[in-house]
Amino acid sequence: PRHRVSMSKLQYDSTTLKQAIQDVRDDTSPTTWVLVKDEEAKRLVVAGSGTGSVLEMVSLLDDTSIGFGLVRVVDQIDASATVKFVFINWLGMHVPPMQKARLTTHKGEVLALFRPYHVDISADCPEEVSDEIVLSKVRLTSGSDSRVKEGAVVAQARTPAKAKASYTPTVPQQSESISFVDEEAIRAAIADVRNDDTPTDWVLVGYAPGKFNMLELIGSGVGGLDAFKENLREEIAAYGIFRMVDKIDESLTVKFVFVTWIGESVKPTFKARISSHKGSVNQVFAPYHRSIDTPSMDDLNYDDIMRSVQDASGSGSRVLSSDGTRAPAAVVSRGMASRVPAMTAGKEALSFDDTCKEAIASVRNDKTDENWALLEYVSNSMIGLVGMGSGGLDELKQHLKEDQVQYGILRVLDKIDDSLTVKFVLIQWVGGAVKPTRKALISTHRGAVTGFFAPFHNEIHAETAEELNEEDIMKKVMAASGSLSSVKP
């Protein structure tokens with residue numbers, strides 16, 4: 001027989017939680033909102049409920065909280081009032097990555113508790129949740145936006161569905177203005193990049209936590225594009241400039257490249273809010289020679305950027321080495337022009353996010369329920385944590401992506417006669433839509449990857465979900481351990 005490590009379930013008091021949600025749905029109850037908070041991705045607790053504004057609920061949350069809320073709204077459509085329910089998913093900006101990773105495996109179970117609802121809102125800061133925003137989302141969904149006579153309101157003390165609302169809120173309009181946590185520091189950092197007498201060759205500015213119109217200095221330093229990229233993450237929006245040197249015949253000319261980075265995990269609501277900032281941001285960083293807007297590390301490739309700089313300057317057809325071939329360009333580093341190697345797969349070191357090591361250690365720990373962890377590339381030189389859980393292979397497979405190279409570790413039990421032995425399996429996944437440049441990293445980074453996951457008992461390579469099934473994996477584990485011929489019924 002096959003054996004699995006037991007799965008840990010999301011814990012909660014079913015009666016208490018369901019009753020709290022039902023109170024919001026009950027026409028005879030004054031409750032208009034309920035908030036359920038997650039404790040370390042293992043237990044749900046009712047954090048509060050109330051009869052007032054959604055801001056009451058938000059006041060119970062902070063940037064380290066994970067919360068789920070249900071809000072009752074009365075939507076006024078012409079002469080009719082209709083009750084709508086809004087689900088709010090709050091994930092604080094400073095929630096520990098390990099807690100986020102564990103929670104991914106329970107998402108379906110959480111949603112099932114709160115369904116049905118008409119609108120869902122994801123937020124990580126108070127500015128993304130207000131009565132006005134909630135009502136605007138409801139109106140867009142119901143189509144009442146163009147027909148509202150007296151407005152929709154968040155239900156106050158259980159207003160009867162037929163009652164008319166008392167006001168018409170106005171959804172705040174986006175502003176093009178931006179402010180700074182420390183404008184002087186930002187402008188000084190940019191000036192350092194432009195100054196040939198300083199070693200600084202890059203600067204990066206991003207949004208302050210919880211603020212969609214305030215910029216702060218993320219960092220600046222020496223190291224050019226490589227160092228610049230190390231500070232980019234898929235969950236942030238940021239702007240930066242870095243310095244390069246274009247060689248035209250025997251002359252070196254400094255060039256500046258401006259980057260607008262909107263990470264792939266930045267929420268659509270946040271993207272929409274900052275879309276009008278481009279003009280203001282450009283004024284801060286201008287002038288520059290090349291501009292790049294991207295959510296992907298693949299677009300920040302040294303060779304490609306240098307080629308576009310040379311094409312723009314006309315140097316691409318004139319820079320020749322002694323043998324008649326194009327000479328390598330250089331970048332400014334520590335105030336001097338120095339050779340920078342092309343960012344080929346074979347020359348890039350590989351690093352791992354700190355949470356990766358913690359996740360693997362948790363899978364190896366007999367005292368935890370986790371039996372899998374999955375990692376993937378967040379850039380060509382960095383691997384980060386996708387998720388972890390206690391649902392074994394089936395749960396791990398739910399997180400595999402067609403456009404990614406991913407590495408996972410799976411904990412299984414091998415039964416030898418009457419003894420159970422823990423075994424660890426390394427899984428390498430290469431999705432069918434992975435770009436050739438990313439595939440090229442597999443062989444280059446193989447040593448670093450296997451060394452990071454070691455020790456393990458078996459290694460599985462897969463490109464389709466069908467290649468990952470528990471029966472085949474257990475056969476390989478048992479064959480390697482010699483238990484295949486000795487397992488007793």
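Numbers here simply count residues along the sequence, with the first being 1.
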(Q) Does Ser362 form a side chain to side chain donor-acceptor pair (under 3.5 Å) with Asn365? I'd like the steps, not just the answer. (A) CA-CA 5 Å; Ser362 184; Asn365 190 342; over 6 Å; no
**Q.** Check: Val425 and Leu393 side chains under 4.5 Å, non-hydrogen atoms
**A.** no
Q.
Let me confirm one number: the CD1-CG distance from Ile262 to Leu232, rounded to the nearest 0.5 Å.
A. 11.0 Å
Q.
Angle between ring planes, Phe114 versus Phe68, binned at 30° and 60°: parallel, tilted or perpendicular?
A. tilted
Q | Side-chain donor/acceptor of Glu395 to backbone N/O of Ser390, under 3.5 Å | A | yes
Q.
Donor-acceptor check, side chain of Glu128 to backbone of Asp124, threshold 3.5 angstrom: yes or no?
A. yes
Q) Hey, which of Val71, Thr32, Ile121 is the one that makes side chain to side chain contact (heavy atoms under 4.5 Å, CB included) with Val54? A) Val71
Q. Between NZ of Lys267 and CG of Leu91, what distance do you get to the nearest 0.5 Å?
A. 6.0 Å
(Q) Working to the nearest 0.5 angstrom, can you tell me the gap between Glu230 CD and Leu225 CG? (A) 10.0 Å
Q) Quick one: does Trp202's side chain get under 4.5 Å of Asn231's, heavy atoms only? A) yes
Q | Main-chain N/O of Asp62 paired to Trp90 side chain as donor or acceptor, under 3.5 Å | A | yes
(Q) Is it true that Ser265 and Glu234 share a donor-acceptor pair across their side chains at a distance under 3.5 Å? (A) yes
**Q.** Val412 vs Met474, side-chain contact (heavy atoms from CB on, under 4.5 Å): CA-CA, chis, key distance, verdict
**A.** CA-CA 8 Å; Val412 298; Met474 289 308 301; 3.9 Å; yes
Q) Any side-chain heavy atom of Pro455 within less than 4.5 Å of one from Arg364? A) yes
Q) Roughly how far, to the nearest 0.5 Å, is CG of Leu374 from CD of Gln404? A) 9.0 Å
Q: Measure across Gln428 and His461 and return the closest heavy-atom pair with its distance rounded to 0.1 Å.
A: NE2-ND1, 3.1 Å
Q) Thr31 and Asp23: side chain to side chain donor-acceptor pair (under 3.5 Å), yes or no, with the steps? A) CA-CA 6 Å; Thr31 306; Asp23 281 347; 4.8 Å; no
Q) Got Phe212 and Lys271 here, is their nearest side-chain heavy-atom distance under 4.5 Å? A) no
Q) Which is it for Asp182 and Glu216 under the side-chain contact (heavy atoms from CB on, under 4.5 Å) test, yes or no, and what are the steps along the way? A) CA-CA 7 Å; Asp182 188 342; Glu216 65 177 1; over 6 Å; no
Q: Would you confirm whether Glu264, through its side chain, and Ser296, through its main-chain N or O, come within 3.5 Å as a donor-acceptor pair?
A: no
**Q.** Shortest non-hydrogen contact from Val34 toward Ala20
**A.** CG2-CB, 3.8 Å
Q) Between Ala448 and Leu350, which heavy-atom pair has the shortest distance, and what is it? A) CB-CD2, 4.0 Å
Q: Check whether any side-chain heavy atom of Val386 sits under 4.5 Å from a side-chain heavy atom of Leu400, and report yes or no.
A: no
Q. Where do Ala208 and Val181 come nearest, in terms of heavy atoms and distance?
A. CB-CG2, 3.9 Å
Q) Do side-chain atoms of Asp472 reach the backbone of Leu468 as a donor and acceptor pair under 3.5 angstrom? A) no
Q.
Test side-chain contact (heavy atoms from CB on, under 4.5 Å) on Leu375 and Phe453; report intermediate values, then the result.
A. CA-CA 11 Å; Leu375 282 56; Phe453 279 93; 3.8 Å; yes
Q | Intermediate values then yes/no, salt bridge (charged side-chain N to carboxylate O under 4.0 Å, His left out), Arg411 and Asp366 | A | CA-CA 10 Å; Arg411 174 188 171 110; Asp366 289 339; 2.8 Å; yes
Q. Looking at Tyr407 versus Phe452, is the centre-to-centre ring distance below 6.0 Å?
A. no
Q | Expected output: side-chain Asp13 to main-chain Val45 donor-acceptor under 3.5 Å | A | no
Q.
Using 0.5 Å steps for rounding, measure from the CG atom of Leu70 to the CZ atom of Phe85.
A. 6.5 Å
Q: Determine which pairs satisfy salt bridge (Lys or Arg N to Asp or Glu O under 4.0 Å) with at least one residue from residues 371-383, sequence neighbours left out, and list them in order.
A: Glu376-Lys401
Q) What's the shortest heavy-atom distance between Val95 and Ser65, and which atoms? A) CG2-O, 3.4 Å
Q: Flag the pair Asp403 and Arg438 as a salt bridge only when some basic side-chain nitrogen lies within less than 4.0 angstrom of an acidic carboxylate oxygen.
A: no
Q: If the plane angle is over 60° it's perpendicular, under 30° parallel, otherwise tilted; pick one for Tyr239 and Phe258.
A: parallel
Q: Taking the side chain as every heavy atom from C-beta outward, state whether Tyr12 and Val36 have any pair of such atoms under 4.5 Å apart.
A: no
**Q.** Nearest atoms (heavy-atom pairs only) where Asn371 meets Gly391
**A.** OD1-N, 3.5 Å
Q | Within-4.5 Å side-chain heavy-atom neighbours: Met297 and Asn380 | A | no
Q: Mark yes or no for whether His94, through its side chain, and Thr64, through its backbone, hold a donor-acceptor pair below 3.5 Å.
A: no
(Q) Keeping Asn458 on the side-chain end and Lys476 on the backbone end, is there a donor-acceptor pair under 3.5 Å? (A) yes
Q: Kindly state each residue pair satisfying salt bridge (Lys or Arg N to Asp or Glu O under 4.0 Å) with at least one member in residues 447-463, sequence neighbours excluded.
A: Arg446-Glu459
**Q.** Trp372 (side chain) donor-acceptor with Asp394 (main chain) under 3.5 angstrom
**A.** no
**Q.** Val449 and Ile383, any side-chain heavy atoms less than 4.5 Å apart
**A.** yes
(Q) If you apply the rule side-chain contact (heavy atoms from CB on, under 4.5 Å), what do you find for Val205 with Val284, and how did you get there? (A) CA-CA 11 Å; Val205 173; Val284 176; over 6 Å; no
Q.
Salt bridge check, Asp120 against Arg115: does any charged N sit closer than 4.0 Å to a carboxylate O?
A. no
